[in-house]
Amino acid sequence: MAMVSTSCSQFTGLRRSCLKLDSFQSQSFIPHTNSSIRFSSSRKASRTVIAMACTGKFFVGGNWKCNGTKDSITKLVSDLNSAALEPDADVVVAPPFVYIDQVKNSLTDRIDISAQNSWVQKGGAFTGEISVEQLKDIGCKWVILGHSERRHIIGEDDQFIGKKAAYALSEGLGVIACIGELLQEREAGKTFEVCYRQLKAFADAVPSWDNIVIAYEPVWAIGTGKVATPLQAQEVHVAVRDWLKKNVSEEVASKTRIIYGGSVNGSNCAELAKQEDIDGFLVGGASLKGPEFATIVNSITSKKVAA
Ligand code: PGA
């Protein structure tokens with residue numbers, strides 16, 4: 001993705017020039033969160049609109065997971081093609097591998113295609129895997145890595161995910177880098193600790209954050225209908241940005257999109273989008289319905305009103 005374009009001014013000003021961190025410093029919206037984790041008071045300076053300008057376009061991804069048939073996907077693509085999408089949002093869908101070609105050949109160019117996973121190195125004798133080179137060959141621009149279903153069901157660990165991200169980036173794919181805590185980790189006050197550990201594994205592996213969107217997806221909110229409250233989500237997004245500032249750079253902290261995922265739907269997206277550090281969404285179930293996905297994309301309008 002182009003990081004800076006002089007014609008891309010839409011998001012300028014959507015984020016205020018400094019974040020109201022004081023409320024986050026004095027109280028935590030996450031019960032049981034480790035109170036030793038505190039935000040840097042000097043962080044305010046990093047959230048300048050100048051740094052966000054032209055790099056922080058709202059981003060909405062639809063993760064179709066292991067759903068769909070040729071017929072249902074034909075219908076979904078047709079609904080997406082006829083949807084009116086706000087122009088100033090990056091929109092991406094991630095079909096199952098076997099349908100990527102069908103989707104690429106029928107979906108409007110307005111929406112980019114992401115894969116849901118990729119192999120950790122160049123393709124070859126790796127039965128059942130799909131290489132980054134193959135994904136590029138069929139027109140993918142993005143790949144989702146570190147999704148909780150791959151971490152917790154398939155068993156991918158932080159380092160393996162970091163290596164996958166590094167390889168995908170080195171070949172020019174954008175990476176939607178997922179992080180997020182399990183319910184028991186949240187209840188044990190380990191939300192930040194888990195997110196920081198997962199972030200560090202990405203940071204240790206990747207040479208640059210230019211083509212990375214971070215998706216904060218609390219695992220207890222994924223597919224459960226139990227969405228994080230806007231303040232719960234915002235609190236972690238601020239913490240993630242603060243971690244980037246301290247451990248990567250102020251510039252990366254300011255310009256990296258941090259999107260929220262976990263039971264986002266057409267009814268709750270507007271309130272979430274109003275949160276200053278929520279730069280978009282990664283949507284599972286609701287992305288299988290074209291009109292509802294369009295509503296979520298268009299929630300950028302509530303962000304503009306909130307700004
Ligand atoms: P959900 O999934 O929207 O169905 O909760 C989100 C995700 O897994 O990315």
Side-chain angles (χ1 to χ4, degrees), residues 58-68 72-73 76 79-80 89-97 99-100 103 111-118 140-156 161 164-165 168 174-183 185-186 191 194-195 198-199 202 212-230 232-233 236-237 240 257-273 275 278-300:
F58 203 65
F59 185 105
V60 179
N63 178 6
W64 297 357
K65 307 192 180 182
C66 188
N67 290 295
S72 72
I73 284 174
L76 179 51
D79 287 347
L80 290 172
D90 286 333
V91 187
V92 170
V93 293
F97 287 126
Y99 299 116
I100 288 176
V103 173
I111 302 177
D112 282 330
I113 312 272
S114 173
Q116 298 177 18
N117 186 26
S118 59
C140 285
K141 299 245 174 69
W142 293 88
V143 60
I144 299 170
L145 292 173
H147 190 278
S148 69
E149 285 146 19
R150 296 214 62 88
R151 290 179 188 272
H152 300 296
I153 301 175
I154 314 295
E156 294 188 9
I161 294 162
K164 284 186 172 192
V175 170
I176 302 169
C178 302
I179 60 170
E181 81 288 359
L182 296 162
L183 181 60
E185 292 167 334
R186 172 164 285 251
T191 297
V194 170
C195 290
Q198 295 171 346
L199 278 172
F202 282 115
I212 298 179
V213 169
I214 296 171
Y216 167 59
E217 300 201 295
V219 184
W220 47 270
I222 294 179
T224 58
K226 219 179 146 195
V227 66
T229 67
Q232 281 177 322
V236 180
H237 284 226
V240 167
R257 269 91 57 92
I258 305 173
I259 63 175
Y260 168 81
S263 295
V264 176
N265 61 35
S267 308
N268 59 32
C269 56
E271 285 308 308
L272 286 159
Q275 295 299 314
I278 295 182
D279 300 323
F281 300 111
L282 186 55
V283 187
S287 72
L288 299 171
K289 299 170 207 149
E292 186 165 8
F293 185 64
T295 299
I296 297 168
V297 170
N298 293 341
S299 66
I300 186 176

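Counting convention: from 1, in listed order, for ligands and their atoms alike.
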Subject >> Pair E181-Y216, side-chain hydrogen bond (donor to acceptor under 3.5 Å, both in side chains): steps then yes or no >> reply: CA-CA 9 Å; E181 81 288 359; Y216 167 59; 2.8 Å; yes

Original post:
Counting from 1, what ligand 1 atoms have a heavy atom of H147 closer than 4.0 Å?
Top reply: 7 (C), 8 (O), 9 (O)

Original post:
Does an N or O from G262, backbone or side chain, lie closer than 3.5 Å to an N or O of ligand 1?
Top reply: no

**OP:** Return yes or no for this condition: an N or O of E149 is under 3.5 Å from an N or O of ligand 1.
**Re:** no

Subject >> Residues which pass salt bridge (Lys or Arg N to Asp or Glu O under 4.0 Å) with E185, listed by chain and number, not counting sequence neighbours >> reply: none

Original post:
Would you say A286 and ligand 1 have an N/O pair spaced under 3.5 Å apart?
Top reply: no

**OP:** Tell me, with the steps shown, if L145 and C178 meet side chain to side chain contact (heavy atoms under 4.5 Å, CB included).
**Re:** CA-CA 6 Å; L145 292 173; C178 302; over 6 Å; no

Original post:
Quick one: which of A94, G225, G223, G180 has a heavy atom closest to atom 5 (O) of ligand 1?
Top reply: G223

Subject >> Which residues share a side chain to side chain donor-acceptor pair (under 3.5 Å) with N67, sequence neighbours left out >> reply: none

**OP:** Answer yes or no: is there an ion pair linking E156 with R150, defined by an N-O contact shorter than 4.0 Å?
**Re:** yes

Subject >> Electrostatic pair D90-R257, nearest N-O below 4.0 angstrom >> reply: yes

Original post:
With atoms numbered from 1 as shown, which atoms in ligand 1 lie under 4.0 angstrom from a non-hydrogen atom of I222?
Top reply: 2 (O), 5 (O), 8 (O)

**OP:** Please confirm whether W64 and F293 have ring centers closer than 6.0 angstrom.
**Re:** no

Original post:
Do other residues, nucleotides or ligands put more than 12 heavy atoms under 6.0 Å from K65 NZ?
Top reply: yes

Subject >> Polar atom proximity, G284 to ligand 1 (N or O, under 3.5 Å) >> reply: yes

**OP:** For ligand 1, indicate whether the residue A215 contacts it via side chain, backbone, both or neither (heavy-atom separation under 4.0 Å).
**Re:** neither

Original post:
Applying a strict 4.0 Å limit to heavy atoms, is G61 in contact with ligand 1?
Top reply: no

Original post:
Which residue and non-hydrogen atom of the protein lie closest to atom 9 (O) of ligand 1, and at what distance in Å?
Top reply: E217 OE2, 2.6 Å

Subject >> Numbered atoms of ligand 1 (with element) below 4.0 Å of G285, judged on heavy atoms >> reply: 1 (P), 3 (O), 4 (O)

Subject >> Numbered atoms of ligand 1 (with element) below 4.0 Å of A221, judged on heavy atoms >> reply: 5 (O)

Original post:
What do you reckon, does S263 put a non-hydrogen atom under 4.0 Å from ligand 1?
Top reply: yes

**OP:** Classify the ring geometry between H237 and Y260 as parallel (under 30°), tilted (30 to 60°) or perpendicular (over 60°).
**Re:** tilted

